[in-house]
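Here is the structure we will look at.
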Amino acid sequence: MRAFFRKYQTILETMFLLLLLAGGCLWKYEEYQLQQTQQEIAEKILRFHVRANSDSRADQALKLKVRDAVGAFMEQKLANAQDREQCGRIVQEYLPQIIHIAEQTVRQEGYTYAVTAQMKTVGFPQKTYGNYTFPAGNYEALNVVIGSGKGQNWWCVMYPNMCFHGAVYEVVDEDAKKSLKKVLSEDEYDAVLKSGKYRVRFKYLEFFNRWMK
């Protein structure tokens with residue numbers, strides 16, 4: 001009897017190890033798919049990024065003033081941008097004016113902070129904007145930095161236009177949703193429409209998880 005139990009104990013242990021191995025492989029594959037999806041999304045969008053001088057209430061309020069001023073200027077310039085590349089070229093063309101507008105806003109509010117603005121690749125953590133969560137990774141962005149740039153940042157998606165519709169920055173309206181849906185594939189769009197629960201899953205992974213429960 002003891003030998004019988006040892007035999008089945010060995011079988012169960014082997015099955016358990018195989019399940020762990022399968023789970024590890026699936027997790028690594030899912031992680032790979034997440035990374036691939038992020039890279040594909042990053043190739044199709046352009047972000048707008050404003051960094052405050054510090055986290056003080058005054059500096060955070062100033063950040064939003066700069067955002068509004070630059071946003072009002074760029075809304076008109078980007079109104080007819082047909083794709084990400086054209087949007088990037090327009091932003092690059094108007095960088096001197098963007099810096100001037102941002103600096104002017106800072107001065108009008110009584111501060112002497114320097115301002116920089118450039119198109120650059122920025123490493124973002126996972127970020128949620130309205131109902132959309134964009135995975136962590138590198139994205140090209142119009143990067144506006146006020147002063148030391150050590151404060152919390154504000155961001156949105158500049159292309160497709162999710163920033164400037166009706167000057168509403170924290171709510172993604174229907175036009176913005178349609179614009180994003182046109183640019184992303186169905187799987188990519190579904191991946192970001194997760195309200196802070198960004199997770200790419202495939203049917204067989206979901207089946208595996210349900211089976212494991």
Side-chain angles (χ1 to χ4, degrees), residues 38-53 59-109 111-125 127 129-130 132 134-135 137-185 188-189 192:
Q38 183 277 321
Q39 292 173 357
E40 290 167 2
I41 293 171
E43 291 175 357
K44 298 176 180 179
I45 70 171
L46 182 65
R47 295 170 77 153
F48 178 26
H49 189 220
V50 184
R51 280 194 170 278
N53 177 66
D59 281 348
Q60 287 295 310
L62 179 63
K63 173 191 71 178
L64 299 182
K65 294 275 189 180
V66 170
R67 173 203 70 181
D68 291 347
V70 173
F73 175 72
M74 291 307 296
E75 178 180 11
Q76 299 175 2
K77 305 303 180 186
L78 297 175
N80 297 316
Q82 298 300 310
D83 53 40
R84 179 185 179 276
E85 288 69 27
Q86 185 181 12
C87 181
R89 289 194 298 271
I90 294 170
V91 172
Q92 193 73 44
E93 178 184 354
Y94 286 101
L95 278 178
Q97 289 93 324
I98 290 170
I99 294 171
H100 174 73
I101 289 167
E103 287 180 336
Q104 189 176 47
T105 303
V106 169
R107 302 294 176 267
Q108 288 172 349
E109 295 299 314
Y111 297 91
T112 59
Y113 302 139
V115 178
T116 62
Q118 58 184 318
M119 288 284 292
K120 63 180 294 188
T121 300
V122 179
F124 286 89
K127 292 277 192 174
Y129 181 65
Y132 296 87
F134 290 81
N138 294 325
Y139 295 84
E140 189 174 13
L142 166 59
N143 193 49
V144 178
V145 179
I146 305 168
S148 64
K150 294 182 179 179
Q152 294 182 39
N153 66 83
W154 177 90
W155 75 280
C156 72
V157 176
M158 179 172 278
Y159 183 84
N161 183 2
M162 299 179 74
C163 291
F164 309 129
H165 290 288
V168 177
Y169 290 97
E170 306 303 330
V171 178
V172 181
D173 66 13
E174 288 302 317
D175 287 341
K177 293 175 183 177
K178 290 176 183 176
S179 297
L180 185 65
K181 202 164 189 176
K182 286 180 181 178
V183 170
L184 301 183
S185 70
E188 291 162 356
Y189 183 83
V192 298

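We use all heavy atoms of the structure for the numbers below, so side chains are in, but hydrogens, waters and symmetry mates are not. Start at 1 with the first residue, then count along the sequence. What you see is a predicted model; the values in this text were computed from it and never measured.
- Annotation: side chain of V50 is not in contact with side chain of V70 (no heavy-atom distance under 4.5 Å).
- When the options Y129, Y132, F48 are evaluated for a ring pair (Phe, Tyr, Trp, His ring centres under 6.0 Å) with W155, the one that passes is Y129.
- A 4.5 Å side-chain heavy-atom check between V192 and L184 finds at least one atom pair inside the cut-off.
- Ring geometry for Y139 versus F134: interplanar angle over 60°, hence perpendicular rather than tilted (30 to 60°).
- At a threshold of 4.5 Å between non-hydrogen side-chain atoms, the residues V145 and N143 count as touching.
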Audit row: Q152, Q60, side chain to side chain contact (heavy atoms under 4.5 Å, CB included) steps and yes/no: CA-CA 8 Å; Q152 294 182 39; Q60 287 295 310; 3.9 Å; yes

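- Smallest separation of non-hydrogen atoms from K177 and Y189: O-CE1, 3.9 Å.
- Although no hydrogens or angles enter the test, the distance criterion places a donor-acceptor pair under 3.5 Å between the side chain of R107 and the main chain of Y113.
- Judged purely by atom type and a 3.5 angstrom limit, E103 has no side-chain atom pairing as donor or acceptor with the backbone of T112.
- Taking all atoms of both residues into account, the shortest heavy-atom contact from V66 to A102 is CG1-CB, 3.8 Å.
- Between I98 and M74 there is a side-chain heavy-atom pair separated by less than 4.5 Å.
- A side-chain contact (heavy atoms from CB on, under 4.5 Å) with V91 holds for exactly one of M119, Q118, K77; it is M119.
- Interatomic distance, I90 CD1 to Q92 CD, rounded to the nearest 0.5 Å: 12.0 Å.
- Defined by atom type and a distance below 3.5 Å, a donor-acceptor pair is present between the side-chain atoms of N53 and S148.
- To the nearest 0.5 Å, atom CZ of residue F73 and atom CG of residue D68 are 15.5 Å apart.
- At a threshold of 4.5 Å between non-hydrogen side-chain atoms, the residues L95 and L142 count as touching.
- By the 6.0 Å and 45° rule, R84 does not stack over the aromatic ring of Y159.
- Under a 4.0 Å N-O distance rule, the pair K44/E188 qualifies as a salt bridge.
- A distance of 9.0 Å separates CG in L46 from SG in C163, rounded to the nearest 0.5 Å.
- Side-chain atoms of Q86 come within 3.5 Å of backbone N or O of Q82 as a donor-acceptor pair.
- Considering only heavy atoms from C-beta on, P160 stays 4.5 Å or farther from K182 through its side chain.
- Taken from CG in L64 to CG in D59, the straight-line distance is 11.0 Å, to the nearest 0.5 Å.
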Step-by-step side chain to side chain contact (heavy atoms under 4.5 Å, CB included) determination, V144 to H49: CA-CA 6 Å; V144 178; H49 189 220; over 6 Å; no

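- Side-chain contact between L62 and V106: present, with at least one pair of heavy atoms (C-beta onward) separated by less than 4.5 Å.
- The 12-atom threshold is exceeded at CD of Q108, counting heavy atoms of other residues, nucleotides or ligands nearer than 6.0 Å.
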Please assess R47 against K127 for the test side chain to side chain contact (heavy atoms under 4.5 Å, CB included), listing each intermediate value before the final yes or no. CA-CA 11 Å; R47 295 170 77 153; K127 292 277 192 174; 3.6 Å; yes

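- Between R67 and K63 there is no side-chain heavy-atom pair separated by less than 4.5 Å.
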Residue pair I99, T116: steps toward the side chain to side chain contact (heavy atoms under 4.5 Å, CB included) verdict: CA-CA 6 Å; I99 294 171; T116 62; 5.9 Å; no

